[in-house]
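See structure below.
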Amino acid sequence: MTLHVLVLGGTTEARRLAETLSTADGPRVTSSLAGRVAHPRLPLGEVRVGGFGGVDGMAEWIRAHRVSAVIDATHPFARTISFHAASAARATHVPLLALRRPGWVPVAGDRWHPADSLEEAARLLPELGRRVFLTTGRMGLAAFAGLDALWFLARSVDAPEPPLPAHTEVLLDRGPFSLEGERALIHRHRVDVLVTKDSGGEATAPKLTAAREAGVPVVVVRRPPVPDGVPVAATPEEAVAWLSALEG
C-alpha cells in the first residue's frame with residue numbers, strides 16, 4: 001500500500017520535502033498550511049489550508065484520509081500545532097517526525113542576550129537600546145506595546161494587528177534577505193538593538209551578521225521544546241531516510 005504522508009508545513013524545509021517526495025514512485029503527500037499568511041508559497045502535491053480543529057480534529061483527519069505518517073515541518077515556534085500533532089499521532093498510532101532546521105549559534109563578536117519569551121525580550125530592551133529592529137513576525141507584537149519610550153521597525157510578511165508599540169514603523173517584506181540589504185536597513189534606520197526568534201536557517205540569518213558588524217546587541221528568543229518522545233530530523237534528506245525506514 002502506498003504511504004500517505006501528512007506534512008505540516010509552511011517552511012522552506014517543508015516545501016523541499018514535498019518536492020523531494022512528489023515523484024512518480026513516491027508516497028502520496030498532503031501538505032497542510034495554517035493559513036496565517038495571505039499569499040503563502042505553495043508546495044508541490046496536494047495542499048490543504050486551515051486548522052484541524054484541535055487534537056481531535058487532526059486525529060479524525062488522519063483516520064479519514066488514511067495517513068501513514070506525519071512529519072511536523074512547521075516553524076520552530078509553532079508550539080501549539082506541534083503538541084497537537086504529538087497528541088493526535090499517539091491517539092491514532094501513526095508515526096510522527098519533527099523536521100527542525102538547526103538553530104543559530106553565536107560567533108565571536110556577537111552580543112546576544114537570550115530570552116525565553118517575547119515578554120522577557122521586551123523587559124530586556126530598555127537597557128539595550130532605543131531604536132529596535134523587531135523581526136519576530138506579526139504575531140505577538142502586543143508584548144512590546146507598553147514600551148512607549150522606544151521606536152520600533154517591525155518587519156513581517158503580512159501587516160501586524162494591534163496592539164502595537166506607540167512608535168512603530170511597519171516594513172512588509174519576505175525573505176530571503178541579503179547581507180547588503182540588512183546592513184543598509186540597520187544604517188538607514190539607526191537601529192541600535194535587534195530582536196529575533198531563533199528560527200535558524202539561512203533566509204533571515206544575514207541580519208545577525210549585519211548586527212555583529214555594527215556592534216548592535218541582539219535579543220534572541222529561545223525555541224520552545226519539541227514534544228517529548230518525538231524524533232527529530234535536521235534536514236529534508238533525514239526525513240526521507242526516516243520514511244524509507246518505515247517502508248522497509
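Values in this document were obtained by computation on a predicted structure and should not be read as measured data.
D198 contributes no side-chain N or O that, together with a main-chain N or O of V221, makes up a donor-acceptor pair within less than 3.5 Å. In this structure, the side chain of T92 engages the main chain of A88 through a donor-acceptor pair within 3.5 Å. Checked by atom type and distance alone, the side chain of S32 never pairs as donor or acceptor with a backbone atom of L8 at under 3.5 Å. No donor-acceptor pair under 3.5 Å is formed between the side chain of R138 and the backbone N or O of E161. Put simply, the side chain of H167 gets close to the backbone of D148: a donor and an acceptor are under 3.5 Å apart. Side-chain atoms of E182 do not come within 3.5 Å of backbone N or O of S178 as any donor-acceptor pair. Between the side chain of S87 and the backbone N or O of H84, no donor-acceptor pair lies under 3.5 Å.
Separating the OG1 atom in T204 from the CZ atom in R174 is a distance of 13.5 Å, to the nearest 0.5 Å. Atom OG1 in T30 sits 4.5 Å away from atom CZ in R28 (nearest 0.5 Å). One finds the NE2 atom of H93 at 11.5 Å from the CD1 atom of I62 (value rounded to the nearest 0.5 Å). Annotation: the span from L246 atom CG to S68 atom OG amounts to 9.0 Å, rounded to 0.5 Å. The distance from atom OG1 of T196 to atom CG of L134, rounded to the nearest 0.5 Å, is 9.0 Å. Note that OG1 of T168 is 9.5 Å distant from CG of L147, once rounded to the nearest 0.5 Å.
Taking the centre and axis of the six-membered ring of F52, the NZ or CZ atom of R48 falls inside the cone set by 45° and 6.0 Å.
For residues 221-233, the side-chain hydrogen bond (donor to acceptor under 3.5 Å, both in side chains) pairs, not counting sequence neighbours, are D116-R222.
Grouping the Ile, Leu, Val, Met, Phe, Trp and Tyr side chains by contacts below 4.5 angstrom, directly or via other members, places V7 apart from V70. In the hydrophobic clustering of this structure, L96 does not group with L17; members are Ile, Leu, Val, Met, Phe, Trp, Tyr whose side-chain heavy atoms approach within less than 4.5 Å, directly or through other members. Both L243 and L99 sit in one connected hydrophobic cluster of ILVMFWY residues. Membership requires side-chain heavy atoms under 4.5 Å apart, directly or through other members. Hydrophobic cluster membership differs between L3 and V47, with clusters built from Ile, Leu, Val, Met, Phe, Trp and Tyr side chains linked at under 4.5 angstrom. V67 and W242 fall into different hydrophobic clusters, where Ile, Leu, Val, Met, Phe, Trp and Tyr are joined by side-chain heavy atoms under 4.5 Å apart, directly or via other members.
When the options K197, R155, K207 are evaluated for a side-chain hydrogen bond (donor to acceptor under 3.5 Å, both in side chains) with T135, the one that passes is K207. Of the candidates P43, P236, S31, P43 is the only one forming a side-chain contact (heavy atoms from CB on, under 4.5 Å) with R15.
When the shell of 6.0 Å around CG of D56 is examined, it contains 12 or fewer heavy atoms from other residues, nucleotides or ligands. Dense packing is recorded around CD of E237, with more than 12 heavy atoms of other residues, nucleotides or ligands lying under 6.0 Å away. Within 6.0 Å of CD in E127 there are 12 or fewer heavy atoms belonging to other residues, nucleotides or ligands. Within 6.0 Å of the CD atom in E238, the count of heavy atoms belonging to other residues, nucleotides or ligands exceeds 12.
Counting heavy atoms from C-beta outward, R16 and T12 have side chains that approach closer than 4.5 Å. F152 places none of its side-chain heavy atoms less than 4.5 Å from the side chain of V170. V5 is listed as a side-chain neighbour of I71, based on a closest heavy-atom distance under 4.5 Å. No side-chain heavy atom of L97 sits less than 4.5 Å from a side-chain heavy atom of V230. A heavy-atom distance below 4.5 Å is found between the side chains of P217 and H113. For the pair E13/T235, no side-chain contact is recorded, criterion being any heavy-atom separation below 4.5 Å from C-beta on.
Side-chain contacts under 4.5 Å among hydrophobic residues (ILVMFWY), followed directly or transitively, place F133 together with W104, W112, W151, L153, L171, L185, I186, V191, L194, L208, V216, V218, V220.
By the side-chain hydrogen bond (donor to acceptor under 3.5 Å, both in side chains) test, E213 is found to be paired with R183, residues two or more places apart in sequence or in another chain being considered. For H65, the ring pair (Phe, Tyr, Trp, His ring centres under 6.0 Å) test picks out W61, with sequence neighbours left out. Looking at residues two or more places apart in sequence or on another chain, you find no ring pair (Phe, Tyr, Trp, His ring centres under 6.0 Å) involving H4. In this structure R100 satisfies the side-chain hydrogen bond (donor to acceptor under 3.5 Å, both in side chains) test together with D72, S82, sequence neighbours excluded.
Taking every heavy atom of both residues into account, A98 and V226 meet most closely at CB-CG1, 4.0 Å. The two residues A239 and A233 make their nearest non-hydrogen contact at N-CB, 3.9 Å. When all heavy atoms of A18 and L44 are compared, the pair lying nearest together is CB-O, 3.7 Å. Of all heavy-atom pairs spanning P160 and L141, the tightest one is CB-CD2, 3.9 Å. Closest heavy-atom contact between R41 and P176: NH2-CD, 4.4 Å. Residues S199 and H75 approach most closely at CB-NE2, 3.5 Å, considering heavy atoms.
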TODO: Begin with the C-alpha distance, continue with both residues' side-chain angles, and end with the deciding distance and a verdict on side-chain contact (heavy atoms from CB on, under 4.5 Å) for L21 and V240.
DONE: CA-CA 8 Å; L21 295 175; V240 170; 4.0 Å; yes
Open item on the list: side-chain contact (heavy atoms from CB on, under 4.5 Å), that's the test. Do V219 and V132 meet it? Break it down for me.
Closed with: CA-CA 10 Å; V219 179; V132 184; over 6 Å; no
